[in-house]
Amino acid sequence: MTTEHSTQPSIKCPHLGKEFQPFTSQLENPYSFYERARVEEPLFYSPLLNGYVLTRYDDILAVLKDHVRFSSTDTLSPIVEFTPEVYQVFRQGFPLVRDLVNSDGEEHQRLRAPFLKAFSLEKLEAVESDIYAISNRLIDAFINDGKTDIISQFAHPLPLEAILTMYGIATDKMADIKGWCYDMNALIFSPLPPSEQVKCAHSFVAMQHYVASLIEEQRKAPQNKDDLISTIATSDLSMPYCVRILCGLIQAGHKTSSHLIGNAVKHLLEHPHLWQAICNNPSLIPHVVEEALRYDAPVSSMSRTTTQEVELAGITLPANTRIFLMYGSANRDEAKYNNANELDIERFAHTTPNHLAFGHGIHHCIGSNLARKEARIALELLSQRLPNLRLCPNQEFTHIPTIIFRGFSQLFVEWG
């Protein structure tokens, strides 16, 4: 899961690299730093990430379109070196083969193919009633309390239960899966100390073995279902690939939606007139979802690795250079969007959304339409059932410290 990368910046007098602190000083508000970077140093080397950071929309889009010179091979490589103990834990699980996210070319197409039907618009229409039922049940559980943490009580369990329903997995494993996914994300995309790495590696392996048991159970006693486990169990993919991809889909399949819902609720409630607008006019909600994706992208970055010497943003980079594509910066690029730092819920009312929240091209997120549907239904029901929803005063808003996902650790709201 590691690759040798170029560590020598080719920029004269680089300065922003040392100031880039995405896990600490810029965790809560990275956007002012991104704005500065787009002007002063749109591509800079980060010693912290041991790679380059790219910030402008057009440059990032060019990289996403060119999967020959910019490979996805290191997308799931950790941002810090794993200890030998971590690899000992990994050996208790399945081989770390390629995933949908870190594969290229024909291999990517082969791995992606079994899942296209599972995430088709027709299939998503069939699960819409489940998403409504889950959402209403979650709201029922706290609506009489007058106050709740909308993340832990709604934004997180909604997409997690929805994806487990699509998988055909019993919801009594939700707590375990939530913990495993949190640890998996931290292991790859957060700068963990060695002891935490080992703990998270055990979660990674536990998740693998649980998913493998579901696949084996389905293969031994096929139930002719149309869920994701049945789909992958009848594919020609080997067990390591099945396990790797399904673990990734469980994680990405709920974290993106969870952060999208939480981010959208927070920003709308910060501007009560916008919350009132969707209460009065629910037809705005699909446009609100797209603007929330642009304004505060739940997947804030992704990485690529050069396959040859390339010139990017006026800088020559050697082969095997890792580049972090900051979607969160691209989506606030003033050269692309008027009033880019303003939350405009009608921005995409009459134009096709062109944000990069779900990537672009062959690696465009396979679950993007599911995330949109979940967020739309979430905002629809919250605005209908809790029209006087508001942020609890005097709370501290904190984000989960990770380089790829962007979402709040908790968000307290009240009503009544």
TODO: Indicate the atoms forming the closest heavy-atom contact of Gly359 with His364, along with that distance.
DONE: O-CD2, 3.7 Å
Open item on the list: Using 0.5 Å steps for rounding, measure from the CD1 atom of Ile151 to the OG atom of Ser409.
Closed with: 8.0 Å
Task: Flag if over 12 foreign heavy atoms under 6.0 Å of NZ, Lys173 - done: yes
Task: Step-by-step side-chain contact (heavy atoms from CB on, under 4.5 Å) determination, Ile79 to Asn50 - done: CA-CA 8 Å; Ile79 62 171; Asn50 189 27; over 6 Å; no
TODO: State, yes or no, whether a side-chain contact exists between Glu35 and Arg332 at a heavy-atom distance under 4.5 Å.
DONE: no
TODO: Report the C-alpha separation of Tyr327 and Leu64 in whole Å, then their side-chain angles, then the decisive distance to 0.1 Å, and conclude whether the side-chain contact (heavy atoms from CB on, under 4.5 Å) test is met.
DONE: CA-CA 11 Å; Tyr327 294 167; Leu64 292 173; 3.5 Å; yes
- [ ] For the residue pair Glu380 and Tyr132, confirm or rule out a side-chain donor-acceptor distance under 3.5 Å.
- [x] yes
- [ ] Report yes if some heavy atom in the side chain of Leu274 is under 4.5 Å from a heavy atom in the side chain of Val288; otherwise report no.
- [x] no
Task: Donor-acceptor pair between Asp333 and Tyr34 side chains, under 3.5 angstrom - done: no
Open item on the list: Testing the 3.5 Å rule here: is there a donor-acceptor pair between the side chains of Asn354 and Tyr337?
Closed with: yes
Open item on the list: Is a donor from one side chain sitting under 3.5 angstrom from an acceptor on the other, for Thr73 and Arg98?
Closed with: yes
Task: Under-4.0 Å salt bridge between Lys373 and Glu125 - done: yes
Open item on the list: A side-chain contact here means heavy atoms from C-beta on lying under 4.5 Å apart; do Gln208 and Leu96 qualify?
Closed with: yes
TODO: Might you point out which heavy atoms bring His209 and Gly93 nearest each other, and give the distance in Å?
DONE: NE2-CA, 3.9 Å
Task: Residue pairs, two or more places apart or on separate chains, that pass side-chain hydrogen bond (donor to acceptor under 3.5 Å, both in side chains) and touch residues 58-67 - done: Asp66-Arg69
TODO: Would you mind reporting whether Thr256 and Cys365 have side-chain heavy atoms less than 4.5 Å apart?
DONE: no
Open item on the list: Looking at Tyr52, I'd like to know if the NZ or CZ of Arg322 sits under 6.0 Å from its six-membered ring centre while staying within 45 degrees of the ring's axis.
Closed with: no
- [ ] With rounding to the nearest 0.5 Å, note down the distance linking CG in Leu54 to OG in Ser301.
- [x] 11.5 Å
Task: Distance-only side-chain donor-acceptor flag, His363 / Ser72, under 3.5 Å - done: yes
Open item on the list: Checking the side chain of Gln153 only, and the main-chain atoms of Leu138 only, is there a donor and an acceptor separated by less than 3.5 Å?
Closed with: no
Open item on the list: Quick check: closest heavy atoms across Pro114 and Thr231, and the distance to 0.1 Å?
Closed with: O-CG2, 3.1 Å
Open item on the list: Please give me the minimum heavy-atom distance between Gly253 and Glu374, naming the atom from each residue.
Closed with: O-OE1, 4.4 Å
- [ ] I would like to know whether Asn341 and Tyr295 meet side-chain hydrogen bond (donor to acceptor under 3.5 Å, both in side chains); could you show each step before the answer?
- [x] CA-CA 7 Å; Asn341 289 320; Tyr295 183 78; over 6 Å; no
TODO: Report yes or no: does Gln218 contribute a side-chain atom to a donor-acceptor pair with the main-chain N or O of Ser230 at less than 3.5 Å?
DONE: no
- [ ] Cation-pi check, Lys266 to Phe397: give yes when NZ or CZ is under 6.0 Å from the six-membered ring centre and within 45° of the ring axis, no otherwise.
- [x] yes
Task: Cation-pi check, Arg110 onto Tyr241 ring (under 6.0 Å, within 45° of axis) - done: yes
Task: Where Tyr57 and Leu356 come nearest, the two heavy atoms and their spacing - done: CE1-CG, 3.8 Å
Task: Donor-acceptor side-chain pairing of Thr307 and Ser71 below 3.5 angstrom - done: no
Open item on the list: Determine whether a donor-acceptor pair (N or O, by modelled atom type, separation under 3.5 Å) exists between the side chain of Asp149 and the backbone of Phe412.
Closed with: no
TODO: Mark yes or no for whether Glu122, through its side chain, and Phe119, through its backbone, hold a donor-acceptor pair below 3.5 Å.
DONE: no
TODO: State, yes or no, whether a side-chain contact exists between Thr306 and Phe70 at a heavy-atom distance under 4.5 Å.
DONE: yes
Task: From CZ (Phe189) to CD1 (Ile404), nearest 0.5 Å - done: 4.0 Å
TODO: Please round to the nearest 0.5 Å and tell me the distance separating atom CD of Glu107 and atom CG of Asp99.
DONE: 10.0 Å
Task: Separation of Ile139 CD1 from Leu381 CG (nearest 0.5 Å) - done: 5.0 Å
Open item on the list: Distance check, rounded to the nearest 0.5 Å: Arg244 atom CZ versus Leu237 atom CG?
Closed with: 14.0 Å
Open item on the list: Checking Trp180 now: which residues fulfil ring pair (Phe, Tyr, Trp, His ring centres under 6.0 Å) with it, not counting sequence neighbours?
Closed with: Tyr210
Open item on the list: Tell me whether the rings of Tyr87 and Phe82 are parallel (<30°), tilted (30 to 60°) or perpendicular (>60°).
Closed with: perpendicular
Task: Close side-chain approach of Ile215 and Leu246, heavy atoms under 4.5 Å - done: yes
TODO: Say whether, by atom type as modelled, one donor and one acceptor occur between the side chain of Glu290 and the main chain of Pro353 under 3.5 angstrom.
DONE: no
Open item on the list: Which label fits His254 and His156: parallel for a plane angle under 30°, tilted from 30 to 60°, or perpendicular past 60°?
Closed with: perpendicular
TODO: Return yes if some donor-acceptor pair links the side-chain N/O of Arg56 with the main-chain N/O of Arg38 below 3.5 Å, else return no.
DONE: yes
- [ ] Determine yes or no for a side-chain-to-main-chain donor-acceptor pair under 3.5 angstrom, with Gln26 supplying the side chain and Gln21 the backbone.
- [x] yes
Task: Heavy-atom closest pair, residues Leu76 and Val101 - done: CD2-CG1, 4.3 Å
Open item on the list: Can a donor-acceptor pair be found, under 3.5 Å and without considering hydrogens, that links the side chain of Ser258 to the backbone of Lys255?
Closed with: no
TODO: Evaluate the side-chain contact (heavy atoms from CB on, under 4.5 Å) criterion for residues Ile150 and Leu382: first the C-alpha distance (whole Å), next the side-chain angles of each, then the deciding distance (0.1 Å), finally the verdict.
DONE: CA-CA 10 Å; Ile150 204 69; Leu382 286 173; 4.2 Å; yes
Task: Contacts of Arg294 that satisfy salt bridge (charged side-chain N to carboxylate O under 4.0 Å, His left out) - sequence neighbours left out - done: Glu291
Open item on the list: Glu342 vs Arg347, test: salt bridge (Lys or Arg N to Asp or Glu O under 4.0 Å). Steps then yes/no.
Closed with: CA-CA 10 Å; Glu342 176 183 332; Arg347 185 183 299 273; 5.9 Å; no
TODO: Answer whether the closest heavy-atom distance between the side chains of Phe204 and Val89 falls below 4.5 Å.
DONE: no
Open item on the list: Using a 3.5 Å distance criterion without hydrogens, assess whether the side chain of His259 forms a donor-acceptor pair with backbone atoms of Phe405.
Closed with: no
- [ ] Go through Val211 and Tyr167 one step at a time and tell me if the side-chain contact (heavy atoms from CB on, under 4.5 Å) criterion holds.
- [x] CA-CA 10 Å; Val211 168; Tyr167 271 51; 6.0 Å; no
TODO: State, yes or no, whether a side-chain contact exists between Glu196 and Ser190 at a heavy-atom distance under 4.5 Å.
DONE: no
Task: Side chain Gln197, main chain Thr83, donor-acceptor under 3.5 Å - done: yes
Task: Distance-only donor-acceptor check, side chains Thr165 and Asp130, under 3.5 Å - done: no
